[in-house]
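What you are looking at is a predicted structure, and each value in this text was computed from that prediction instead of being measured.
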Amino acid sequence: MVTVGRRRGFVTFAAAAIALMQISYLLFPISAQQSNGSRVVPAEGYCSMYGICAQRSDGKVLNCANATKAVKPDTLFSSRIQSLCPTITGDVCCTVDQFDTLHQQVQQAVPFLVGCPACLRNFLNLFCEMSCSPNQSLFINVTSVKQINSTMTVDGIDYYVTTNYGEELYNSCKDVKFGTLNTRAMDFIGAGAKTYKDWLAFIGRQANLNEPGSPYLITFGSDFSDSSGVKPLNSTIYSCGDPSLGCSCGDCPSSSVCAGSLLPQLNTETACSVKMGSLKAKCLDFSLVVIYLALLCAFLLWGLLYRTRGRTASPLQAKPLRNSDNKSNMNKNGKSPHDSVQVPEAASSTAKPSNPSIVQTYMSIFFRKHGIFVARHPLRVLCVSLLVPVLLCIGLFRLKVETRPEKLWVSPGSEAANEKNYFDSHLAPFYRIEQLVLATSASGGSEAPSIVNDNNMKLLFEIQKKVDDLRANYSGSKVALADICLKPLSTDCATQSVLQYFQLDPKKFDDSGIDHAKFCFQHYTSEETCLSTFQSPVDPSTILGGFPGSNFTEASAFVITYPVNNKVQTTGKENGKAMAWERAFINLVKEEIRPMVLAQNLTLSFSSESSIQDELNRESTADAITIMISYIVMFAYISFTLGDRPSRWLLLFVSSKVLLGLSGVVLVMLSVLGSMGFFSAIGVKSTLIIMEVIPFLVLAVGVDNMCILVHAVKRQPDQSNLEERISDALVEVGPSITLASFAEVLAFAVSAINPMPATRVFSMFAALAVFMDFLLQVTAFVALIVFDIRRAQDGRIDCVPCARITPSTGAGDGGDGQRLHLLARYMRDVHGRILRNRAVKFVVITVFVGLTFASIALSTRLQPGLEQQIVLPRNSYLQDYFDDLAKYMKVGPPLYFVVKDFNYSSASVDTNQICSISQCNSNSLLNEISRQSLSPETSYIAKPAASWLDDFLIWMSPEAFGCCRKFVNGSYCPPDDQPPCCQLDQVSGSCMTSKTCSNCTTCFLHSDLDNGRPSTTQFRDKLPWFLDALPSSDCSKGGKGAYSTSLDLSGYESGIIQASAFRTYHTPLNKQSDYVNSMRAARDFSSKMSRDLQMKIFPYSVFYIFFEQYLSVWKTAIMNICVCLGTIFVVCFIVTSSLWASAIILTVLAMIVLDMMGVMAILGIQLNAISVVNLVMSIGIAVEFCVHITHAFMIGTGDKETRARQALSTMGASVFSGITLTKLVGVIVLRFAKSEVFVVYYFQMYLALVIIGFLHGLIFLPVLLSLCGPPTKWAKPKEQSQPPSASSERT
């Protein structure tokens, strides 16, 4: 259950503060001058621009439009240029100041691309050639100049590159990852460009004041006239698959090195099918049809042969037979059995009664003695039998109900539970989610209009203010969102909202308007003005919904998410503040925010982390009245059906058995309470399923036994004394009641081996409840029957035994069984006669077997899962919320791949087996995750993984010279755009460079590293620096916030990191099957990677713990069903000593269960813990339909036809009135329950059980017994002495 089904992936915030600037601004062209703006004649060795002449008001420097000959640099300057631009040799077209500015700005791009050296080199070459190439005039032309302080500065240029150069440059960089945000670097350096032209156009656009980007326009082109002398740039481009500058497979999946390591596609197996012309069927379906037709032909052939043998055999005159029980039947029923079935004499002569089994013999003797004892001492038996369950009920004072889904549906030692505990204890519990979804509504069949407009944005600001001002009471203190929200950088809440494009400031919205939001939809990764208050880009796909493709401006929904800190639950009070605020938040939305939204003609759905639990608790009481009405209706019917229909209406007050029926119901409930009390006393928690299902189960079994006992007593001769009637009745039905009850008890008891807590606890409670009900039925209820008979004989009024009519009249009519006899005669004379017809038998066998085969085929269509909407009340606000999630959400839940015991020492290969940058193994974990994201339909992985290891290695790299730095004293030196390296200007808000960090150097030189990898000591010493480093423009790879909870540093000094997580996302999961399949795919992938890499890797997502049950629910269901059926078979064989009869009972029970599963498939009922419990319960109730009929058949006399009709007339009537009609009236009431779960899993499944059980028990089973039933086992035990009269024992 879930809860398990909630979308936590709607919050894709990067917990790091990544203030990324436009690459074109970071690496703006720093070129030569042109004296008067005239066209410079292209020539080798000449510049188009040279020197820095001025700067804009926002501080961006401008190049001089100055055509001059390239200048020869000194030796130091030349070596510096070579370190950054190895392709630039000899003369250059840049000054030292220009190069220093280039060097300072280029460091901001390095962290994005250093993981792929080929891309980084190509990207740097583009700007090195533009800035310092000695042949600059050949491919750069100044097209526009601007005079500043009497100096002509560059305002626009044409930059010519060949088409091949542009395409290869783009191809080398298009797949490079930016793991911190689970995206591609191209989203940042090219605004998600899809072609090289889009990328270069983005780089070359001219930025407005105070906006990142180039200070002048750069027009990249490849078209020019041959006479112009232009030679477009066509320098060497390194392929990302170049071994000398090899990129990882995650950054370059097209590399030939990577193709061989591609994992096979997961979950791509196709089902076997058979095609015949235009028809296509599954192999299983085809096989079932063939087998069914073969069995049908065999059955027809057997029938024809049997009929032919009957005609050709010596004719035997059939005549009515009157068996030894005819006399007693006349006495019991008041009717001669002359209308019994006509059977041949030969058949009668061969049907000799055989001795019953030893067990049955001893049971018959026991029940005769027991019946005599109860009839003599009813009060003593009643008091003693009630003592035990009453004492057990004392344990109810310790009753505790388990409502936590993870404790109900997840085994304590399950893989998902262990993984969740490991994740929570070593890393951090997943944050709590509070969410609002505002959407426009479609009208007139048209599509929903866009929600992105000024009025709706203003509404969002009003909602945000109310949420910010909300205060909840908790233990006398006030709790605000700011007190509990997730703060990646310990400053601002990580609220996910479209308002973050305005930093949650309504004044900024008033200044820039809705157009700024639309601008940020396309440039959220690159524009500083679009960054959130917690300094992270906000992906529009996480805050908008209902948009086609990537057209965010047409979104029809706003999604506002408030992540809240979560804590590991030990005492249950750790998240008390959060839960108090969540409930106040829900009340605020219902009372204030929803009216505001509806007034704007918008829809609103909402949820908090505690909403599901609160709504489930509300559901547990919502249908209490419905359930009580259901039980009351059944109680009323029971009381009515146990009574007699007297010849005079006045005697109805005597012949009715309301008090007996209610007393029997009390015994049933007492057995349930006694079972709950016993397990509560020993510390086993109860569940809502126990409270809702077990009373229904025990009532079904108990009522059936009550009807059987009462009807058996009524069938005894009226002239017999009380002791004889009671003892004979118990001898007649006691063994079958014992057989059925013990079969059910042992079936439930053995099912308790199921590891799933909900089904295990249900089986335990059910086994004890059924056992106690059996004991109370054969003791207390029999004693109550004795009291009721005495009351009727004395003419006392039912329910008011102190009043009486007349003893003689009451005695004469109190035992009239007219109504029962009517039903019994119907079963024998109408129902039995119809089933006797050969054509009817053929149809019954054909139809029922056919339905079983069809059910087998349908059961394979059963889908595991449990929709959230079903388990919630129909009027729950979460119903709309889950509908909106499926309708609008474009991202899936977060997925973590957790690596245990990562050995980072230089002697270990673990680092290269995990990472996905240069020099990492092509089949490393992160490379394979990246590959799997290329086939999301089968892998359910949407993006490459965010890797703290990749970012840490890049952060330490000497190429990322703005990241890992140290002061002269060896302490950590932050990037130049962070204090104390710069001073914050309070007026402009910008950080002004200071000289504090002028002497900082990179942590390592290339010579300090071993093939680009740190030593064990270097790794150990610098990892805390990385995790404490704030990301910024100069170094976007800082780990604070983004990776603060991605690894466990406890004991890492030994060279082992106990746990480290790599985050990605599942694809959007809209169905229960999506959740199950995504979990299965992730586990299959992790298992294969663990084997291949010889490492401990497991996947984790917050919903796994709730959906793990569905990976093995089929195994659980089959195991429970087989165990129950096997147990029942063994018990039946031991009691009856008849393998034949036991096999028939097993066959019919299996058919009932299969038909139940077929009905589930037709009705769309999913396979889950609730339905598995219902299937197990259905076996218990189905036993009542089968065992009593079969036992009555076995102890009958005559041929099979006769015994089948006898079984129907005796037990058939009791089963029909005791189970079928009783459950039918009770189940119908459940149709009006408020919760869908009651309608689907209780009304529909229970109704199907009653109908299927009735059809199999009272139609198919009698036909089957009449055709191939076991031989009779009847041998009535003899008594040596007559018991004393009942009258002498009356008290």
Side-chain angles (χ1 to χ4, degrees), residues 114-117 176-177 179 182 241 243 246-253 255-264 266 419 422 426-427 895-934 939 941 944-957 1009-1016 1018-1020 1022-1023 1026 1039 1043 1046-1049 1052 1054-1064 1082-1100:
V114 71
C116 182
V176 176
K177 305 186 307 297
N182 297 92
C247 301
S248 70
C249 291
D251 292 329
C252 185
S255 172
S256 59
V257 179
C258 306
S261 63
L262 183 64
L263 282 175
L266 301 174
E419 290 169 352
Y422 189 90
H426 286 83
L427 301 172
L895 168 62
Y896 298 87
F897 287 96
V898 182
V899 178
K900 292 183 177 181
D901 301 329
F902 164 42
N903 187 345
Y904 64 79
S905 66
S906 55
S908 173
V909 297
D910 285 4
T911 298
N912 286 339
Q913 287 193 143
I914 296 175
C915 66
S916 62
I917 60 174
S918 178
Q919 301 181 31
C920 298
N921 295 354
S922 61
N923 66 334
S924 68
L925 171 64
L926 293 169
N927 280 332
E928 295 297 350
I929 293 174
S930 182
R931 285 195 192 89
Q932 291 299 319
S933 68
L934 300 178
S939 68
I941 298 176
S947 169
W948 68 266
L949 181 58
D950 285 356
D951 286 357
F952 175 53
L953 295 176
I954 292 173
W955 182 84
M956 292 182 63
S957 172
L1009 303 177
D1010 182 12
N1011 197 24
R1013 292 289 184 263
S1015 66
T1016 306
Q1018 292 168 342
F1019 197 111
R1020 179 175 58 245
K1022 297 302 180 286
L1023 183 57
F1026 166 72
Y1043 301 119
S1046 292
L1047 62 164
D1048 181 9
L1049 289 183
Y1052 88 104
S1054 63
I1056 302 293
I1057 297 177
Q1058 296 184 38
S1060 58
F1062 302 93
R1063 184 194 68 245
T1064 180
R1083 284 195 168 180
D1084 291 345
F1085 171 75
S1086 296
S1087 298
K1088 178 167 178 49
M1089 293 307 302
S1090 296
R1091 292 192 303 269
D1092 292 348
L1093 303 181
Q1094 295 298 302
M1095 302 179 72
K1096 299 176 182 177
I1097 304 169
F1098 70 85
Y1100 173 76

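The line from CZ of Phe1019 to OG of Ser905 is 10.0 Å long, rounded to the nearest 0.5 Å. Taking CZ of Phe1062 as the start and OG of Ser916 as the end, the distance is 9.0 Å to the nearest 0.5 Å. Interatomic distance, OG of Ser1060 versus CZ of Phe902, reported as 6.5 Å (0.5 Å rounding). Put simply, CD1 on Ile941 and CG on Leu934 are 10.5 Å apart, with the number rounded to the nearest 0.5 Å. Considering CG of Asp1092 and CG of Asn921, their distance stands at 11.5 Å, rounded to 0.5 Å. For the atom pair CE of Met1089 and CG of Asn927, the computed distance is 9.0 Å after rounding to the nearest 0.5 Å.
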Worksheet item: Are Asn912 and Arg1013 close enough, and set up right, to give a side chain to side chain contact (heavy atoms under 4.5 Å, CB included), and what steps lead you there?
Response: CA-CA 9 Å; Asn912 286 339; Arg1013 292 289 184 263; 3.0 Å; yes
Item to complete: Any chance you could lay out the side chain to side chain contact (heavy atoms under 4.5 Å, CB included) test for Lys1096 and Val899, step after step, and finish with the verdict?
Response: CA-CA 6 Å; Lys1096 299 176 182 177; Val899 178; over 6 Å; no
Discussion item. Apply side chain to side chain contact (heavy atoms under 4.5 Å, CB included) to residues Leu925 and Leu1093 and explain how you reach the verdict.
Written reply: CA-CA 8 Å; Leu925 171 64; Leu1093 303 181; 4.1 Å; yes
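Considering all non-hydrogen atoms of both residues, Trp955 and Lys1022 come closest at CZ3-O, 3.8 Å. Nearest heavy atoms, Asp251 versus Ile917: OD2-CA, 4.4 Å. Contact detail for Tyr896 and Ala1061: the closest heavy-atom pair is CD2-CB, 4.0 Å. Annotation for Glu928 and Asn923: closest pair OE2-CA, 3.4 Å, computed over non-hydrogen atoms.
The side chain to side chain contact (heavy atoms under 4.5 Å, CB included) with Ile1057 is formed by just one residue from the set Asp901, Asn903, Leu1023, Asp910; it is Leu1023.
Taking the six-membered ring where the residue is Trp, Phe952 and Phe1026 present tilted rings, their angle falling between 30° and 60°.
Using a distance-only test at 3.5 Å, with no hydrogens or angles considered, a donor-acceptor pair links the side chain of Ser939 to the main chain of Gln932. Using a distance-only test at 3.5 Å, with no hydrogens or angles considered, no donor-acceptor pair links the side chain of Ser918 to the main chain of Cys116. Without hydrogens or angle criteria, Ser930 side chain to Leu926 main chain gives no donor-acceptor distance under 3.5 Å.
Not counting sequence neighbours, Ser1090 has no partner by the side-chain hydrogen bond (donor to acceptor under 3.5 Å, both in side chains) test. By the ring pair (Phe, Tyr, Trp, His ring centres under 6.0 Å) test, Tyr1052 pairs with no residue at all, sequence neighbours left out. In this structure Arg1083 satisfies the salt bridge (Lys or Arg N to Asp or Glu O under 4.0 Å) test together with Glu415, Glu419, Glu1108, sequence neighbours excluded. For Ser1087, the side-chain hydrogen bond (donor to acceptor under 3.5 Å, both in side chains) criterion is met by no residue, not counting sequence neighbours. Applying the ring pair (Phe, Tyr, Trp, His ring centres under 6.0 Å) test to Phe897 and every residue at least two apart in sequence or in another chain returns Phe1085. Under the side-chain hydrogen bond (donor to acceptor under 3.5 Å, both in side chains) criterion, Gln913 pairs with no residue at all, not counting sequence neighbours.
Side-chain contact between Gln1058 and Leu1047 is absent, with no heavy-atom pair separated by less than 4.5 Å. Using a 4.5 Å heavy-atom threshold, the side chains of Pro1099 and Leu895 count as touching. For the pair Leu953/Thr911, a side-chain contact is recorded, criterion being any heavy-atom separation below 4.5 Å from C-beta on.
For the pair Asp1084 and Lys1088, the salt-bridge criterion is not met [side-chain N within less than 4.0 Å of a carboxylate O].
Cysteines Cys920 and Cys915: SG-SG separation is under 2.5 Å.
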